Amino acid sequence: MNPLPIQSVLPELKEALLHHQCAVLVAEPGAGKTTQVPLALLDEPWLQGRKIVMLEPRRLAARSAARYMAQQRGEQVGETIGYRVKNDTRVGPKTRIEVITEGILTRMLQSDPALEGIGAVIFDEFHERSLHADVGLAFSKQSQSLLREDLRLLIMSATIEAEEVAAMLDDAPVLRSEGRSYPVETRYLEKQLEGRVETAVAKSIQHALQAHEGSMLVFLPGAAEIHRVESLLAPLQISQDVIVAPLYGNLSQEAQDLALTPCRHGQRKIVLATSIAETSLTVEGVTVVIDSGLMRVSRFSPRTGMTRLTTVPVSQASADQRRGRAGRLGPGVCYRLWTEQEHRHKPQAGTPEIREADLAPLALELAAWGVPDPAELVWLDPPPAPAYRQARELLVQLGALHESGGLTPHGKRLAELGLHPRLAHMVLQAVPLELGAMACELAVLLSERDILRAAKDRDADVRTRIEALWRADRAEQRGEIDFGLCRRIAAEAKVLQQSLGIRPSGKETAAASGLLLASAYPDRIAQRRSTGRFLLSSGRGAVLPELQLLSNEPYLVAVELDDVGSESRIYLAAPIAEDELLDAYQDQLIREQEVAWDAQTQSVKARERIRLGAIVIKEVPISSPDPDRRVAAFVQGLAQDSLDSLPWTRNARSLQQRVNFLHHVDKDWPDMSEVVLQDTLADWLAPHLYEVKNRNDLQRLPLTSILEEMLTWEQRRQLEEWAPTHIQVPSGSRIPVDYSEPVSPTLAVRLQEMFGLADTPRIAKGRVPLTIHLLSPASRPVQVTRDLASFWRNTYFEVKKDLKGRYPKHYWPDDPMTAVPTNRAKPRV
DNA sequence: GGCACATG
């Protein structure tokens, strides 16, 4: 066998690591870096006999890399070369190279930040930029700079902006190696694709079948598109020698094997795959790749705390990776269903997981690492602040973090379980309920992909799954349940139970699912509004897409749902009973009184509500609400009407008007205008409403004295003097002053009663002259004046002439100053 | 007619 291309850079690589703490190795697929590099570094002096740890993104890759290397040394796995993946470790006392999955490194660092006994950490396939790899690198980097200056970090990747990584690693040297694959001819579309991608894919497949030999790998975004293309191909009766095989994650082992294994001589295969075939699985014998250019990715929304799947265009790096699948045996061809122009506008690389993921696990990991603020670490892409904030809030809600950000003892235990913090919390909460064993099963069940697949009437009920898991050995539902997956889930749940020392209690029933899940998803409780339609505690609407048993449950815990559109779709949920809900959420229930004015009954109505977020669980009328709130509601009701509904007496109106007049003169006096009184009901009227139950009671209020309370004691004393209700005129009559116009109070008086009064009477301590309406003996208006002296001197004589004609019997003296004032026709003698 | 891929 020819030497692998990687061999040529190995001396350089050794040299680089001799002098630097970090290095970046860029090598195309097929260069052999995964198996050659760890072996080549084993005897380097800086290693001082310590171990090399190499990270792989997948368990399968970790095991096979270890197996391949062991084989090269003529050993068994577990001797010099070992591997470590979750619940499966093959490491012996002599092991010097451990191939591990990425999450394992985080666990190793958390239990020993100094990584004692380890001389180098190699990050393989780093271009995939998984969350675990990013976290592992950030932690390792900090460990290196604080505790382990001698630790070597090597980043290996296919296509990557190597300079960026190198810069992050203190300008680490970058080495490059060519790949070893055959040339693949790339064919773009002439013009931009129109219509459905499935149609174009099907056409392309037909064309390629005619034009090329060998098997074909077709990349589509998801199972739906795969099945649509499959049915487009079906009527074409392609050939008995052409096998069409779908390939995606939620497919049985047998179906996947059909797609993966090379076909018999003379047969050809068309594999319709998701991005699973881009990295995780290798399809044998492919010479033609057809790429739809789309992939489905999940995106986390910090706003709603939910994850949604969206279909996005692939990056250039992904497209190249897909194309490379056609060049493993010999020269190949790749059809890209987009134009060359479009290709130039595609992003170079996909979005790193850390930028679009649920960061709750990361936030817990960081808190356990003792660095709740991610800014203290070095990142290629720092965790986005909104998602990180949402994650921290969730962890506080789960009791894993203090408000201040530190890890609680509960959080410490959650971090050790190897589950999403939500599910870890559920497991620990379930233990005192004697449902810990079932919670372990549920937690693992929900961490894996759905065990129910392809069933036509696939429901959204968690209970269906847990029951299927419990009777997975019975074959009655073969074809609908993934038994292989069930076995793995059961085994993993058992490991989890054993690590916690939990045994089944006999209390396990599928009906307990809702209660258990409620502790994991406190923010996803849904209340039925109508059949199949729900209201989430967050205030969002949610729907069950199809009519099913769950559609009429009063309450659901929505485990999986998206946040697309105005209403979320619920993909997985469990019912929960109201009493369970009230019990499980004791500390989050909001008990509140709603006290409000009821326009219909013209009275205050009070209700007590028990709320969980936006969901009102119970609402009962209460007869004696908080007095302050009752009065406030009453005031609000009154404020909607005019003040006329108050029991205004003549006295009260008079007081209001007199004070308004004085306010006009001197702002020390309160403003009692309608507008101001209406706006300030809460200040002046509210204190008197405590005994008032309804509108009728209102009529008994002593409005005059209530208004008087707005005056100071001094003002009350001054009121009569400054704004007298009556003025005594020369005739001896007490004439009321009209204050209805605060600018000009008026006195309406018969002219004859004013004889002898030289000047206009003044009020407000002499500051304001009254406006005098002088009247005829029959009380008809004769003259208006604010200057009585001038009137007597001038106008009186004209007026007198006229009055004398109309009222000849009356007394009309020539000198009004010396005349006797009278309220009769003539003064008594 | 349907929810991608991983992992402690």
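Chain A is the first sequence line, chain B the second, and so forth, proteins listed ahead of strands; every chain is numbered from 1. Only a predicted model underlies this, so the values are computations on that prediction, with no experimental measurement involved.
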Colleague: Rounded to the nearest angstrom, tell me the gap between atom CG in Leu561(A) and atom P in dC3(B).
Modeller: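 Going from CG in Leu561(A) over to P in dC3(B) covers 13 Å.
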Colleague: From the set dG8(B), dC5(B), dT7(B), return the single nucleotide nearest to any side-chain atom of Arg449(A).
Modeller: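 Given the options dG8(B), dC5(B), dT7(B), the side chain of Arg449(A) is closest to dC5(B).
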Colleague: Test of understanding: with side-chain contact (heavy atoms from CB on, under 4.5 Å), list the residues that count as partners of Ala255(A), not counting sequence neighbours.
Modeller: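 side-chain contact (heavy atoms from CB on, under 4.5 Å) list for Ala255(A), sorted by chain: Leu251(A), Ser252(A).
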Colleague: Need one value for Glu365(A): base, sugar-phosphate or nothing, where a base atom within 4.0 Å counts as base even if backbone is also close, heavy atoms only.
Modeller: base
Colleague: At a heavy-atom distance below 4.0 Å, what parts of residues 53-64 of chain A sit against DNA chain B?
Modeller: Pro57(A), Arg58(A), Arg59(A)
Colleague: Tell whether Glu560(A) reaches the base of dC3(B) with its side chain through a donor-acceptor pair below 3.5 angstrom.
Modeller: yes
Colleague: Determine, stepwise, if the pair Lys33(A) / Glu28(A) fulfils salt bridge (charged side-chain N to carboxylate O under 4.0 Å, His left out).
Modeller: CA-CA 9 Å; Lys33(A) 59 184 184 326; Glu28(A) 292 305 312; over 6 Å; no
Colleague: For residues 417-429 of chain A, run the donor-acceptor check on the side chains, cut-off 3.5 Å, and write out each pair with its distance to 0.1 Å, sequence neighbours left out.
Modeller:
residue   : atom : partner   : partner atom : Å
His420(A) : ND1  : Arg422(A) : N            : 3.0
His420(A) : NE2  : Asp358(A) : OD2          : 2.8
Arg422(A) : NH1  : Ala520(A) : O            : 3.0
Arg422(A) : NH1  : Asp523(A) : OD1          : 2.9
Arg422(A) : NH2  : Asp523(A) : OD2          : 3.1
His425(A) : ND1  : Leu398(A) : O            : 3.2
His425(A) : ND1  : His410(A) : NE2          : 2.8

Colleague: Rounded to whole angstroms, how far apart are CG on Asp482(A) and P on dC3(B)?
Modeller: 18 Å
Colleague: For Asp134(A) and dT7(B), what is the distance between atoms CG and P respectively, to the nearest whole Å?
Modeller: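 It is 17 Å, rounded to the nearest whole Å.
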Colleague: Taking only residues two or more places apart in sequence, or in another chain, which ones meet Asp320(A) in a side-chain contact (heavy atoms from CB on, under 4.5 Å)?
Modeller: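 Counting only residues at least two positions away or on another chain, Asp320(A) forms a side-chain contact (heavy atoms from CB on, under 4.5 Å) with Arg323(A), Arg336(A).
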Colleague: Using side chain to side chain donor-acceptor pair (under 3.5 Å) as the criterion, list what pairs up with Thr307(A), not counting sequence neighbours.
Modeller: none
Colleague: Specify the separation, in whole Å, of atom OH of Tyr571(A) and atom C1' of dG2(B).
Modeller: 9 Å
Colleague: For Arg107(A) and dG8(B), is the shortest distance between a side-chain N/O and OP1 or OP2 below 4.0 Å?
Modeller: no
Colleague: Check DNA chain B against residues 298-318 of chain A and give the residues with a non-hydrogen atom under 4.0 Å, in numerical order.
Modeller: Ser298(A), Leu309(A)
Colleague: For Ser513(A), give me all partners under side chain to side chain donor-acceptor pair (under 3.5 Å), at least two apart in sequence or on another chain.
Modeller: none
Colleague: If you assign Leu364(A) and His227(A) each to the DNA chain B nucleotide with the nearest heavy atom, which residue ends up on the more 5' nucleotide?
Modeller: His227(A)
Colleague: If you compare all heavy atoms of Ala460(A) against all heavy atoms of Leu544(A), which two are closest, and at what distance to 0.1 Å?
Modeller: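 Shortest heavy-atom contact: CB-CD2, 3.9 Å.
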Colleague: Rounded to the Å, how far apart are Leu362(A) CG and dG8(B) C1'?
Modeller: 13 Å
Colleague: Can you find an N or O donor on one side and an acceptor on the other, under 3.5 Å apart, linking the side chain of Glu416(A) with the base of dG8(B)?
Modeller: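 Answer no: no donor N or O sits under 3.5 Å from an acceptor.
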Colleague: May I ask you to say what Leu419(A) touches in the nucleic acid, namely base, sugar-phosphate or nothing, with a heavy-atom cut-off under 4.0 Å?
Modeller: base
Colleague: For the side chain of Ile276(A), starting at C-beta, report the closest nucleotide among dC5(B), dA4(B), dG8(B).
Modeller: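 Selected nucleotide: dC5(B).
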Colleague: Can you check side-chain hydrogen bond (donor to acceptor under 3.5 Å, both in side chains) on Gln321(A) and Thr279(A), steps first, answer last?
Modeller: CA-CA 8 Å; Gln321(A) 181 78 23; Thr279(A) 49; over 6 Å; no
Colleague: Under the rule for side-chain contact (heavy atoms from CB on, under 4.5 Å), what residues qualify as partners of Glu342(A), not counting sequence neighbours?
Modeller: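 Counting only residues at least two positions away or on another chain, Glu342(A) forms a side-chain contact (heavy atoms from CB on, under 4.5 Å) with Gln192(A), Trp338(A), Thr339(A).
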Colleague: Taking only residues at least two apart or on different chains, which pairs with a member in residues 51-63 of chain A satisfy side-chain hydrogen bond (donor to acceptor under 3.5 Å, both in side chains)?
Modeller: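 Sorted pair list: Lys51(A)-Glu98(A), Arg58(A)-Glu128(A), Arg63(A)-Asp88(A).
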Colleague: How would you label the contact of Thr101(A) with the nucleic acid (heavy atoms, under 4.0 Å): base, sugar-phosphate, or nothing?
Modeller: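 Sugar-phosphate contact only - Thr101(A) comes under 4.0 Å of backbone atoms but never of a base.
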Colleague: Figure out the OH/P separation between Tyr83(A) and dG8(B), and round it to whole Å.
Modeller: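 Distance, rounded to whole Å: 12 Å.
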Colleague: Toward the 5' end of DNA chain B, which comes first, Leu247(A) or Ala415(A), by nearest nucleotide?
Modeller: Leu247(A)
Colleague: Please work out if Gly103(A) contacts a base, only the sugar-phosphate, or nothing of the nucleic acid, heavy-atom cut-off 4.0 Å.
Modeller: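 If one applies the 4.0 Å heavy-atom cut-off, Gly103(A) turns out to touch the sugar-phosphate alone, with no base involved.
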Colleague: Tell me: CG of Asp358(A) to P of dA4(B), nearest whole Å?
Modeller: 19 Å
Colleague: Distance check needed: dA6(B) C1' versus Lys86(A) NZ, whole Å only.
Modeller: 12 Å
